[in-house]
Number of protein chains: 2
Amino acid sequence: MTEYSSSPAAPPQEQSTIDLLGLMAYGELSAFERLAYDARFSPTLTDRKMLGALAVSEFAHFERVSAALAGLGADVDAAMEPFQASVDFFHERTRPADWYESLMKAYVSDSISSDFYREVADFLPQAAREVVQSILADSRSGEQLRERIQRALAQEPRLSSRLALWGRRLVGEALTQAQRITIERAVLLGIGVDQDAEVAAVSTPLMARLTQNHSRRMSALGLTA
Amino acid sequence: MTEYSSSPAAPPQEQSTIDLLGLMAYGELSAFERLAYDARFSPTLTDRKMLGALAVSEFAHFERVSAALAGLGADVDAAMEPFQASVDFFHERTRPADWYESLMKAYVSDSISSDFYREVADFLPQAAREVVQSILADSRSGEQLRERIQRALAQEPRLSSRLALWGRRLVGEALTQAQRITIERAVLLGIGVDQDAEVAAVSTPLMARLTQNHSRRMSALGLTA
């Protein structure tokens, strides 16, 4: 088995794969922890079980991504490490004030990160792209979250201005980190690290598409994006 | 299918089963949430994954207990509800200051609650006793936690006085809640609620045995109980 560390020494294509899987792995592990904890504030035990089950499915994704990394001969911890600061920073900057904000955070960050992974996966070799796509295909959690938010908004229309504001805050913080990651780890996009102009050429329209998709989801919920 | 609510109207033996399973279910759900969140403070990503995986196994236990309750025709939320205050109170009173305290809390509370469920299960009808025993038989988590604590103590001997103190705090709070539960819900022990003398006759030696087992575990770790 070939050993790929997360160092820039790995061939660019393999390094892109390891980087993207490392980011996904750490993102899923963190999402699991936050979601499980936020579940405690659920208004009912049924909601609490729902968020718990979603958290558990994030952990299952984390395990699948870890297995894919191990299959590439990569060290999972080393692959996650470069992304820890950005992901942690995002969570620190977006601590939900209550259960509805947790629900919204889970929905927004899950959707944006899936869009981001999907876009970046297009630059990957086919085998790696398929791993990423198979994990992204499991989109039940997004649907469950959207339905639950819709129900909450229907029951409590006054929530909508607060959640709209919160959604803008979340997308802002998420895009800041996504931009930071694509710039610092340009290899993610299959681009050499020194080609700043090319990074901007890829990352600017990518950020625009992520924002657009987010706005569409917010509008579908009747919220001003 | 017969419908058993968590009300005192259910026949005593069935109510005992529902009560014990309700307590286990809520205990597992809470343990899952706390453990998943505490994992964030792990010193290494490997430790973090270990606690995450343990949390996920608590959720799997919760799902098995829920299924057993549903199989009895009981409402899972209603069965958990009477124990929510005690379990939440225990967690509020025992917030770990760091990762080592989280590890110790998981080990101590997991062990004491398993001992408690095992003892109380002896009073249950055979079918229910078997469900409880099959869940308790999955004791990998206790072993993993003990090994990790042993390793931490070997690496950092100065931890031992702090963890010994913390262990005493944990057992005190756990037994306070266990006592509260056995008194308030004497039906758990298969005893009529009005027979105070009989409750004491069962619960006092039970508390003594729980304390003794805890002390034995602390000594095995080289800690003063």
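Every chain is numbered from 1 and lettered A, B, ... according to where its sequence line falls, protein lines coming before strand lines.
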Quiz item: Is a side-chain donor-acceptor pair under 3.5 Å present for B:Asp88 with B:Tyr26?
Solution: yes

Scanning both residues in full, the closest heavy-atom pair of B:Arg48 with B:Ser42 reads CA-OG, 3.2 Å

For B:Lys49, is there an ion pair with A:Asp77 - N to carboxylate O distance below 4.0 angstrom? yes

Q.
Please determine whether side-chain contact (heavy atoms from CB on, under 4.5 Å) holds for the pair A:Leu103 and A:Met50, giving the CA-CA distance in whole Å, both sets of side-chain angles, and the decisive distance to 0.1 Å.
A. CA-CA 11 Å; A:Leu103 201 64; A:Met50 183 194 99; 4.1 Å; yes

Of B:Val56, B:Leu45, B:Leu29, B:Leu35, the largest count of non-hydrogen pairs under 4.5 angstrom with chain A goes to B:Leu45

Interatomic distance, CZ@B:Arg168 vs CD@B:Glu173, rounded to 0.5 Å, equals 14.0 Å

Between B:Tyr37 and B:Arg34, do the side chains contain an N or O donor and an N or O acceptor separated by less than 3.5 Å? no

Ordered numerically, the heavy-atom neighbours of chain B under 4.5 Å found in residues 149-156 of chain A are none

Residues of residues 59-69 of chain B with a heavy atom under 4.5 Å from any heavy atom of chain A, in residue-number order, are B:Phe59, B:Phe62

If one checks every heavy atom of B:Thr44 against chain A at 4.5 Å, the contacting part turns out to be neither

Rounded to the nearest 0.5 Å, the CD atom of B:Gln179 sits from the CZ atom of B:Phe116 at a distance of 9.5 Å

The side-chain contact (heavy atoms from CB on, under 4.5 Å) partner of A:Tyr117 among A:Ile112, A:Leu21, A:Leu20, A:Ile135 is A:Leu20

Taking NZ, NE, NH1 and NH2 as the nitrogens, is one of them in B:Arg40 or A:Glu33 under 4.0 Å from a carboxylate oxygen of the other?
-> no

Looking only at A:Val76, A:Thr46, A:Leu51, most heavy-atom pairs under 4.5 Å shared with chain B are made by A:Thr46

So OG1 of A:Thr94 and CD of A:Glu92: to nearest 0.5 Å the spacing works out to 8.5 Å

Any side-chain heavy-atom pair of A:Leu206 and A:Leu175 under 4.5 Å:
no

Looking only at B:Ala39, B:Gly52, B:Ser30, B:Ala53, most heavy-atom pairs under 4.5 Å shared with chain A are made by B:Gly52

